Amino acid sequence: RNHKIVEMLIEDNNEIDIDLENSENESPFLIACENGNCKVVEKVFNCEKGNEIDINREDGKGKTGVMLSIDASIYEESERIFWILRNRND
């Protein structure tokens with residue numbers, strides 16, 4: 001369900017800062033990884049500005065998206081996120 005909201009926001013606003021951080025240094029990408037939400041990760045990467053996302057960005061606790069997806073303890077979703085990241089530039 002969240003991926004539908006993200007998709008609408010991205011499609012309706014080309015000026016949106018897709019890599020904007022909140023007060024805890026979390027970007028939409030980091031939050032999606034932390035929650036194991038592969039659909040949101042895919043939507044964010046596949047949007048027009050997806051190549052602007054810093055996949056090595058750390059949150060306020062020094063964790064990257066990959067680290068957060070592992071911490072989420074959702075093994076299957078973590079594997080999908082790794083696959084998305086590996087194939088990002090293809």
Side-chain angles (χ1 to χ4, degrees):
R1 187 161 135 171
N2 291 336
H3 68 279
K4 296 275 189 199
I5 295 169
V6 170
E7 186 175 348
M8 287 184 341
L9 288 170
I10 292 169
E11 287 178 358
D12 289 346
N13 188 351
N14 289 332
E15 299 300 315
I16 194 168
D17 183 353
I18 197 69
D19 212 22
L20 186 66
E21 296 177 339
N22 64 16
S23 62
E24 296 177 13
N25 297 338
E26 298 169 324
S27 66
F29 165 70
L30 291 175
I31 293 169
C33 287
E34 182 175 30
N35 292 302
N37 196 330
C38 290
K39 288 183 179 181
V40 171
V41 171
E42 287 177 309
K43 296 288 182 196
V44 169
F45 277 146
N46 291 329
C47 78
E48 188 175 316
K49 294 186 174 191
N51 61 344
E52 297 176 11
I53 296 170
D54 179 5
I55 63 170
N56 296 311
R57 172 181 283 159
E58 297 176 354
D59 67 4
K61 297 175 185 168
K63 294 191 176 189
T64 64
V66 171
M67 296 165 102
L68 290 167
S69 68
I70 291 169
D71 288 350
S73 297
I74 306 169
Y75 180 76
E76 290 176 10
E77 297 302 311
S78 295
E79 285 294 309
R80 270 188 77 197
I81 290 172
F82 295 150
W83 184 87
I84 293 165
L85 293 174
R86 279 194 307 266
N87 295 295
R88 177 177 180 215
N89 294 321
D90 291 347

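If you're wondering where the values come from, they're calculated on a predicted model, not measured in any experiment. Numbers here simply count residues along the sequence, with the first being 1.
Nearest heavy-atom pair across Asn25 and Gly60 is CB-N, 3.7 Å. Here the closest non-hydrogen pair linking Ile31 and Glu26 is CG1-CB, 3.8 Å. Lys63 and Met67 make their closest contact through CA-SD, 3.8 Å (heavy atoms, listed as atom of the first residue, atom of the second, distance). Looking at every heavy atom in both residues, Val44 comes nearest to Ile53 through CG1-CD1, 2.8 Å.
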>> Checking Asn35 against Val40 for the side chain to side chain contact (heavy atoms under 4.5 Å, CB included) test, could you report, in this order, the C-alpha distance in whole Å, the side-chain angles of both residues, the deciding distance, and whether it holds?
In response: CA-CA 10 Å; Asn35 292 302; Val40 171; over 6 Å; no
> Does the pair Lys39 and Asn37 meet the rule for a side chain to side chain contact (heavy atoms under 4.5 Å, CB included), with working shown?
Replying inline: CA-CA 6 Å; Lys39 288 183 179 181; Asn37 196 330; 3.8 Å; yes
> Does the side chain to side chain contact (heavy atoms under 4.5 Å, CB included) test come out yes or no for Ser27 and Arg57, once each step is laid out?
Replying inline: CA-CA 9 Å; Ser27 66; Arg57 172 181 283 159; 3.6 Å; yes
> Hey, mind stepping through Cys33 and Val66 against side chain to side chain contact (heavy atoms under 4.5 Å, CB included) and telling me if it holds?
Replying inline: CA-CA 7 Å; Cys33 287; Val66 171; over 6 Å; no
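Glu24 and Lys61 are not joined by a salt bridge, as no carboxylate oxygen comes within less than 4.0 angstrom of a charged side-chain nitrogen.
In this structure, the side chain of Asn56 does not engage the main chain of Thr64 through any donor-acceptor pair within 3.5 Å.
Separating the CG atom in Asp59 from the CD atom in Glu21 is a distance of 9.5 Å, to the nearest 0.5 Å.
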